[in-house]
S.K.: 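There's a structure below that I have some questions on.
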2 protein chains.
Amino acid sequence: MKNIRIKDIAQMAKVSMGTVDRVIHKRGKVSEAAYGKVMKVLDQIDYKPNLIAKTLSSSKTYQIATLMPDVRHDPFWQEPVEGLAKAEREFGQFGVQVHTFFFNPMEDDSFEKMAREVLQSEPDGVLLAPILRDEALAFAAQCQANNIPVVCFNTFIEALQPVSFIGQDLHQSGRLAAELITSRGSCGTIIILHIAEKAQNSVHLYEKEQGFREFIKEMNTTAMQVVTYEIESPLHPDFGEMVDGMFQQFPDTQAVFVTTSRAYNIAGYLEKAGRTNITLVGYDLIEANIPFIERKYINAIIHQNVQQQSFLGISYLTDLLVFKKEIPYRRNLPLHIIMRENLNSYLQDH
Amino acid sequence: MKNIRIKDIAQMAKVSMGTVDRVIHKRGKVSEAAYGKVMKVLDQIDYKPNLIAKTLSSSKTYQIATLMPDVRHDPFWQEPVEGLAKAEREFGQFGVQVHTFFFNPMEDDSFEKMAREVLQSEPDGVLLAPILRDEALAFAAQCQANNIPVVCFNTFIEALQPVSFIGQDLHQSGRLAAELITSRGSCGTIIILHIAEKAQNSVHLYEKEQGFREFIKEMNTTAMQVVTYEIESPLHPDFGEMVDGMFQQFPDTQAVFVTTSRAYNIAGYLEKAGRTNITLVGYDLIEANIPFIERKYINAIIHQNVQQQSFLGISYLTDLLVFKKEIPYRRNLPLHIIMRENLNSYLQDH
DNA sequence: TTGTAGGCGTTATCAG
DNA sequence: CTGATAACGCCTACAA
């Protein structure tokens, strides 16, 4: 009826608790005879260690370092910060402590500097948002050299070989954007718009574009024409004019698919210009997008739930470090569709 | 630096651990003098009990009884069962055990019979799906008389006065359905279709309908005509003919909004009839709906995430019983939109 | 190589 | 009413 304890196993195998412990945890220093006796019992019964007792007893703390971009440079990174706080509240009970290190993706050496700090803090595990490919690869290699497990979120880099990756299927999200736009009966020109400071995320954006184009191609129609447009700096003073230029170049534009979280930039332009006839689909439920969803200048948002991503990252590292559980190598989160009428239901929930 | 323990408080207040324990847990039998000394210390410091140690020590188990409809009578109830299993896996660590009692909503006295069994099992808490209003009210009253906290999910009944309710905003989901349908540019007749065995869920369905109609009304257009249609028994042999009759009565039907999880019934009809020009929106990501979403006979599903509902129900009861935490009175979960291109992302995830 | 004692923070019990 | 003490199951350290 009750759970089997180490003590029970010891009695059954006619050895001491210490020996059983050594066998279970492979600490060596056990004679063949004793090992056999214990394993025989272990094979017959299903021993499930009491995690409560384990954490209470060891009273060990685990330091997890998170390395990610600074919120100040992109509001996109606000959500993961909240996910981390939530995770610390939940797993603090098990001795898990989260320390966050922010880098500025715009600034040279910022990543390297913070990466150095992370390593100096000698963490038991690392959660990483590897948006700078080369730098992240070098950092991950150093972690591996120091036997520190690395979990990645948001950006998937095969070569980085993390213990686990948590993110979303970008290609599929591009397809979803196409479904959302075409189901509104668009015809004419559809613009795929990349708004990003640097080409750092280019792989991200390219995958989304590929998914989008694949879907349109499968529709096998000539009613729509898909073009790609890039605007590098949304912080640029001439941003409005650049958008102007875009719409002048494609006067029959019916829909715009913004591949980053910056749909609000376009929505703001459309509102000022009084253009309500353009379908706009973008990414991520961030503050700046909300009022435009409410006013229908953004018709749909694909929400990647980055908060959940970082939370799961810590959760996986906890499983790994504290509970010695197996964790999945890759986990893709659901692609949430947010429109005006289900916006509030997402905001209220957390 | 380290957490303050009962032992520390005892030293500071110059009393024994036992006395501190009695004060904190209000077990009485403490002199005014001792009480004052302990409270003085308690006011100054922020004592956070160690839940790990608490659960280990008390080694108490909590029995939670769940009373809900049987899966065999409606596949809708499959998901909550999985949510319960998940919850038991997660909270079993804290001594929580879940026992599920199924009733047959079609059968007289089935609810009463199972309710009696629940009470006989003397649970520490009850999770209830109160789809039968009067019976649920009577049962909840009995629980209250026995000091058993009741948490409800899926159906909200104000008068039942549960400790907490977990569900969704039905009215808003109706509005969302209207947004999904109208954004596809429908005109002509839109049918709101209630497919349900009994009028038991009528309040549910009515709220959805109201939300839907409200949204359409706000559009202030004459291009669309909304009608309500009811089909009582999807298991009826003449079901196909009844649907036939419906479409004959409204030959210019452009869209159908099924207010239950039975959109697959209509989708199956449409596929057989070869009608691909009708927009179909329904509820719940259940097995039967999946193939029709893939083949686009169902254009969108509003997913209520019932699995999450039951999981949260147990989670709240755990907070209440084990951790003595405050729990919210009402929690509405997000309204998920599922279309063909994000279907898989929801299926893979769990 | 093996067994045992002490402790993690809390709760429950039982003498004083 | 109060204080000491033995569990809860596991881990670490130390002694045999």
Side-chain angles (χ1 to χ4, degrees), chain A residues 1-39 41-42 45-62 92-96 321-325, chain B residues 1-39 41-42 45-62 92-97 124 321-325:
Chain A
M1 197 92 296
K2 297 188 75 178
N3 265 337
I4 296 153
R5 304 159 302 166
I6 286 187
K7 199 175 181 178
D8 301 320
I9 299 174
Q11 279 172 357
M12 292 192 243
K14 290 184 185 121
V15 293
S16 77
M17 288 170 55
T19 306
V20 175
D21 177 81
R22 280 182 279 266
V23 170
I24 290 174
H25 296 92
K26 299 174 182 126
R27 300 196 222 277
K29 324 261 178 181
V30 178
S31 69
E32 288 248 346
Y35 181 84
K37 282 197 280 186
V38 175
M39 282 312 281
V41 177
L42 243 35
I45 58 106
D46 175 38
Y47 173 64
K48 282 182 63 185
N50 183 327
L51 298 177
I52 299 290
K54 179 181 214 156
T55 49
L56 176 63
S57 169
S58 66
S59 75
K60 202 188 212 167
T61 64
Y62 296 87
Q93 288 292 337
F94 302 112
V96 173
L321 297 169
V322 183
F323 304 130
K324 323 283 185 216
K325 277 207 275 187
Chain B
M1 196 92 298
K2 297 188 78 180
N3 266 337
I4 297 154
R5 303 160 302 167
I6 287 186
K7 201 175 184 179
D8 302 320
I9 299 174
Q11 278 172 358
M12 291 192 247
K14 291 186 185 119
V15 292
S16 77
M17 288 169 55
T19 306
V20 175
D21 179 79
R22 281 183 279 266
V23 171
I24 290 174
H25 296 92
K26 299 173 182 132
R27 301 196 219 277
K29 323 258 179 180
V30 180
S31 68
E32 288 247 348
Y35 182 84
K37 283 197 279 187
V38 174
M39 283 311 281
V41 178
L42 243 35
I45 56 107
D46 174 39
Y47 172 64
K48 282 182 65 185
N50 183 325
L51 299 177
I52 299 291
K54 177 181 209 154
T55 48
L56 176 61
S57 169
S58 67
S59 76
K60 200 186 208 169
T61 63
Y62 296 87
Q93 287 293 336
F94 302 113
V96 173
Q97 289 174 338
D124 299 293
L321 297 170
V322 182
F323 303 130
K324 323 284 185 215
K325 276 207 274 186

S.K.: Can you figure out which of dT1(C), dT4(C), dG3(D) approaches the side chain of Ser16(A) most closely?
M.R.: dT4(C)
S.K.: Where along nucleotides 10-16 of chain C does protein come under 4.0 Å, by heavy atom, of base (B) or sugar-phosphate alone (S), with - for untouched nucleotides?
M.R.: BBS----
S.K.: Can you tell me how far apart CG (Asp21(A)) and CZ (Arg27(A)) are? Round to the nearest 0.5 Å.
M.R.: 4.5 Å
S.K.: So, taking the atom named CZ in Arg22(A) and the one named OH in Tyr35(A), what distance separates them when rounded to the nearest 0.5 Å?
M.R.: 14.5 Å
S.K.: State whether Thr19(B) places a side-chain N or O below 4.0 Å from either non-bridging phosphate oxygen (OP1 or OP2) of dG3(D).
M.R.: yes
S.K.: When rounded to the nearest 0.5 angstrom, what is the spacing between CD1 in Ile24(B) and CD1 in Ile6(B)?
M.R.: 4.5 Å
S.K.: Is there side-chain contact between Thr19(B) and Lys37(B), with heavy atoms separated by less than 4.5 Å?
M.R.: no
S.K.: Phe94(A) has an atom CZ; how far is it from atom C1' of dC8(C), in whole Å?
M.R.: 15 Å
S.K.: What distance separates Ile9(B) CD1 from Met39(B) CE, expressed to the nearest 0.5 Å?
M.R.: 10.5 Å
S.K.: Find the distance Lys37(B):NZ to dG3(D):C1' and express it as a whole number of Å.
M.R.: 12 Å
S.K.: Given atom NZ of Lys29(A) and atom P of dT1(C), what is their separation to the nearest angstrom?
M.R.: 7 Å
S.K.: Find the distance Glu32(B):CD to dT2(D):P and express it as a whole number of Å.
M.R.: 11 Å
S.K.: Starting at atom CD1 of Ile52(A), determine the distance to atom C1' of dG9(C), rounded to an integer number of angstrom.
M.R.: 13 Å
S.K.: With rounding to the nearest 0.5 Å, note down the distance linking CD1 in Ile52(A) to CG in Leu56(B).
M.R.: 7.5 Å
